[in-house]
Structures are given as structure tokens and as C-alpha cells.
Asks: 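Just passing along the structure, written as C-alpha cells.
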Amino acid sequence: MSTTQTITTSTTTETTPQELVTTIRCCSGCSSQQSDEQKHLHEKLMKRAIDLSKESCNDHGNHPFGALLIDNDTNEIILEAHNTVHTENDRTRHAELNLSSMASKKYPRDYLTNCTMYTSTEPCIMCAGAIFWVGIGKVVYACPASRLREIVRRKQDGNNLKNSGSLTIACREIFEERSEGLNIPLIGPIMEEEAAAVHESYW
């Protein structure tokens, strides 16, 4: 279902000049300023998440979704997960749910609040619930759920609505408006076109 891989990236605590700051959308619609180094880290880790989504479908015959978890202090990947809906014959086995389950079994909640999930596509509300209950502290995504719905509907001429339906509640609503006791920042989209291209090829 998944492999564990460690990728170490360097970090510094120096103040970044204003001209090297990039803006990324956060869960509340605000602007989060990210330095070039942070932007590079996001893209490096998201590239791996997108590669996992390609492995899910190309190597294992599952849906094209991938997710990974990093330790915020070291920026090391501590867990990775594929979508396994076909290989496990279980339509709930989304990559983010698999990753949350693995994380919950391996690490205490206090540790997971200092971890970040990178996922190739914005989590559905089922996965958002799992992320919340496990206690993962932050989520970064590539392809928005709204973009995925548009791609699938267009590629399947709307038949997906007859076959499986579609949940249109955004995970940011779960994290921002429907949860208490744990604030989970949601950052994205990052590398949206790269992630969307995988869905365009698959669906």
C-alpha cells in the first residue's frame, strides 16, 4: 500500500527579504507569505505526492491519488500512501485515509499535530474527518476538489454522478467552520496543473 521514504531538506531561520516572498492561499482565504525556500520545499514535497498518485494508477491500477506526511521540525518524509480502492476492493481507501490510518497506528497524536500532510488532490470530507481525528497539524494540496469534479464530469460525460455521486462540501469547511479544538491550516493549490494533468490522463 505504501512505502516509507526519508528525504532531508535544509532549513534556515534567517529572515527572508520582502522581495523573496511568495503568496499562497490558506484555508480562510487569507494570504500566507512564503519565502523562496518554503516555496521550494512545498514544490519538492508536492512533486513526490504527485509521483505517488501516478504510481497508484500506473503501477497498482488504483485511482490517481497520493499523499505523504512530514515532520515539521526536520522536513523529512515519515510516511507515504497510495490510493488502494481497487487493490483492497474497498472504496473508502483513499490515499489520505490510508495515510491517516498509518500515522495513527505509528505515532501519538501530540507528535502528529507537528506534522504536515502533502496530498496530490484536496481531501474529500471523509478524509478530512480522518485527518482531524488523527490530529495531523497541517494539510497542503495540489489539485482542488472542484477542479477534479470538473475533470471527471467532463471526461465521463456526467456518468460519474450516476455511478458514484459527488460530495461537494470542501474540506476547508470541515477544518475551518465545523471543527473545534484543533485548527488545521489548509494550504493550496500548489502545482495544480501538474496534479490536474494526472487526472486528465486517467479519467
Side-chain angles (χ1 to χ4, degrees), residues 1-9 39-72 74-107 112 115-131 134 136 138-156 160 163-164 166-167 171 186-203:
M1 177 177 70
S2 62
T3 58
T4 302
Q5 178 180 359
T6 300
I7 298 177
T8 304
T9 56
K39 181 174 182 290
H40 174 73
L41 176 64
H42 281 324
E43 291 178 349
K44 180 183 182 71
L45 294 167
M46 191 58 73
K47 182 180 184 302
R48 178 57 190 158
I50 294 171
D51 285 343
L52 288 168
S53 75
K54 296 175 183 177
E55 292 175 9
S56 290
C57 57
N58 295 336
D59 298 344
H60 305 294
N62 292 297
H63 292 171
F65 301 89
L68 61 87
L69 193 69
I70 71 161
D71 181 310
N72 291 344
T74 64
N75 292 329
E76 293 181 352
I77 297 176
I78 57 175
L79 290 172
E80 295 182 341
H82 299 109
N83 175 291
T84 56
V85 295
H86 290 317
T87 51
E88 294 193 46
N89 194 29
D90 182 347
R91 288 182 289 277
T92 69
R93 301 321 302 180
H94 294 187
E96 300 90 348
L97 186 64
N98 286 337
L99 190 69
S100 296
S101 180
M102 293 163 58
S104 183
K105 293 174 182 177
K106 189 170 184 178
Y107 300 108
L112 292 174
C115 294
T116 298
M117 176 186 291
Y118 284 79
T119 176
S120 62
T121 304
E122 183 180 356
C124 71
I125 59 171
M126 175 184 71
C127 294
I131 291 166
V134 169
I136 294 171
K138 184 186 297 183
V139 176
V140 183
Y141 70 91
C143 181
S146 58
R147 178 82 179 268
L148 171 63
R149 288 195 298 271
E150 184 279 322
I151 292 171
V152 176
R153 186 178 293 112
R154 169 167 44 82
K155 301 284 280 190
Q156 297 188 0
N160 63 300
N163 297 331
S164 61
S166 179
L167 293 171
C171 70
L186 181 69
I187 299 176
I190 292 174
M191 298 181 67
E192 176 180 347
E193 296 307 318
E194 291 87 340
V198 181
H199 289 301
E200 289 282 2
S201 297
Y202 178 82
W203 300 102

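Small disclaimer: the values here were computed from a predicted structure and weren't measured.
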Asks: Flag the pair Glu88 / Val85 as yes when at least one side-chain heavy-atom distance between them is below 4.5 Å, and no otherwise.
Replies: no
Asks: Rounded to the nearest 0.5 Å, how far apart are CG of Leu45 and CE of Met191?
Replies: 10.5 Å
Asks: Would you name the heavy atoms of Ala49 and Leu68 that are closest together and state the gap between them?
Replies: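 Smallest interatomic distance, heavy atoms only, reads N-CD2, 3.7 Å.
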Asks: Distance from Thr116 atom OG1 to Ile70 atom CD1, nearest 0.5 Å?
Replies: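 Rounded to the nearest 0.5 Å, the OG1-CD1 separation comes to 5.0 Å.
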Asks: Taking Leu69 as the fixed residue, which of Val134, Thr119, Ile78 is the one that meets the side-chain contact (heavy atoms from CB on, under 4.5 Å) rule?
Replies: Ile78
Asks: Nearest 0.5 Å please: distance from the SG atom of Cys127 over to the CZ atom of Arg93.
Replies: 9.0 Å
Asks: Flag yes if more than 12 heavy atoms outside Asn89 fall under 6.0 Å of its CG atom; otherwise flag no.
Replies: no
Asks: Are any of the side-chain heavy atoms of Tyr141 and Ile190 separated by less than 4.5 Å?
Replies: no
Asks: Atom CZ in Phe65, atom CG in Leu148: separation rounded to 0.5 Å?
Replies: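 Rounded to the nearest 0.5 Å, the CZ-CG separation comes to 5.0 Å.
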Asks: So do Cys143 and His199 actually touch side chain to side chain, heavy atoms under 4.5 Å?
Replies: yes
Asks: Any heavy-atom pair between the side chains of Ile131 and Met117 that's under 4.5 Å?
Replies: yes
Asks: Whether the Asn83 and Ser56 side chains hold a donor-acceptor pair (N or O, under 3.5 Å, no angle test) is what I'd like checked.
Replies: no
Asks: Mind listing the closest non-hydrogen atom pair of Pro123 and Cys171 along with its distance?
Replies: O-CB, 3.4 Å
Asks: Quick one: does Lys155's side chain get under 4.5 Å of Tyr202's, heavy atoms only?
Replies: no
Asks: Could you work out, with side-chain contact (heavy atoms from CB on, under 4.5 Å) as the rule, every residue matching Thr87, not counting sequence neighbours?
Replies: His60, Asn62, Thr84
Asks: Within the structure provided, determine whether Met126 and Thr92 are in side-chain contact (heavy-atom separation under 4.5 Å).
Replies: yes
Asks: Taking only residues two or more places apart in sequence, or in another chain, which ones meet His40 in a ring pair (Phe, Tyr, Trp, His ring centres under 6.0 Å)?
Replies: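 His40: no ring pair (Phe, Tyr, Trp, His ring centres under 6.0 Å) contacts found.
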Asks: About how many Å separate SG of Cys57 and NE2 of His86, when rounded to the nearest 0.5 Å?
Replies: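 It is 10.0 Å, given to the nearest 0.5 Å.
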Asks: Is the gap between the ring centers of His94 and His63 under 6.0 Å?
Replies: no
Asks: Ignoring hydrogens and angles, tell me if any N or O in the side chain of Ser100 forms a donor-acceptor pair with the backbone of Glu96 under 3.5 Å.
Replies: yes
Asks: Quick test of your reading of the model: are Arg147 and Glu200 salt-bridged, counting only N-O distances below 4.0 Å?
Replies: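 Between Glu200 and Arg147 there is no salt bridge, as every charged N stays at least 4.0 Å from the carboxylate O atoms.
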Asks: Using salt bridge (charged side-chain N to carboxylate O under 4.0 Å, His left out) as the criterion, point out the one residue from Glu80, Glu194, Glu76 that pairs with Arg48.
Replies: Glu80
Asks: Dump the intermediate steps for salt bridge (charged side-chain N to carboxylate O under 4.0 Å, His left out) on Glu43 and Lys47, then the final yes or no.
Replies: CA-CA 6 Å; Glu43 291 178 349; Lys47 182 180 184 302; over 6 Å; no
Asks: What is the minimum heavy-atom distance between Asn98 and Ala81, and which atoms define it?
Replies: CB-CB, 4.0 Å
Asks: Among residues at least two apart in sequence or on other chains, which ones pass side-chain contact (heavy atoms from CB on, under 4.5 Å) with Lys54?
Replies: Ile50, Asp51, Asn58, Val198
Asks: Drop me the distance from Lys44's NZ to Ile77's CD1, to the nearest 0.5 angstrom.
Replies: 8.0 Å
Asks: Between Glu122 (side chain) and Pro144 (backbone), is there a donor-acceptor pair under 3.5 Å?
Replies: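 Between the backbone of Pro144 and the side chain of Glu122 there is no qualifying donor-acceptor contact (under 3.5 Å).
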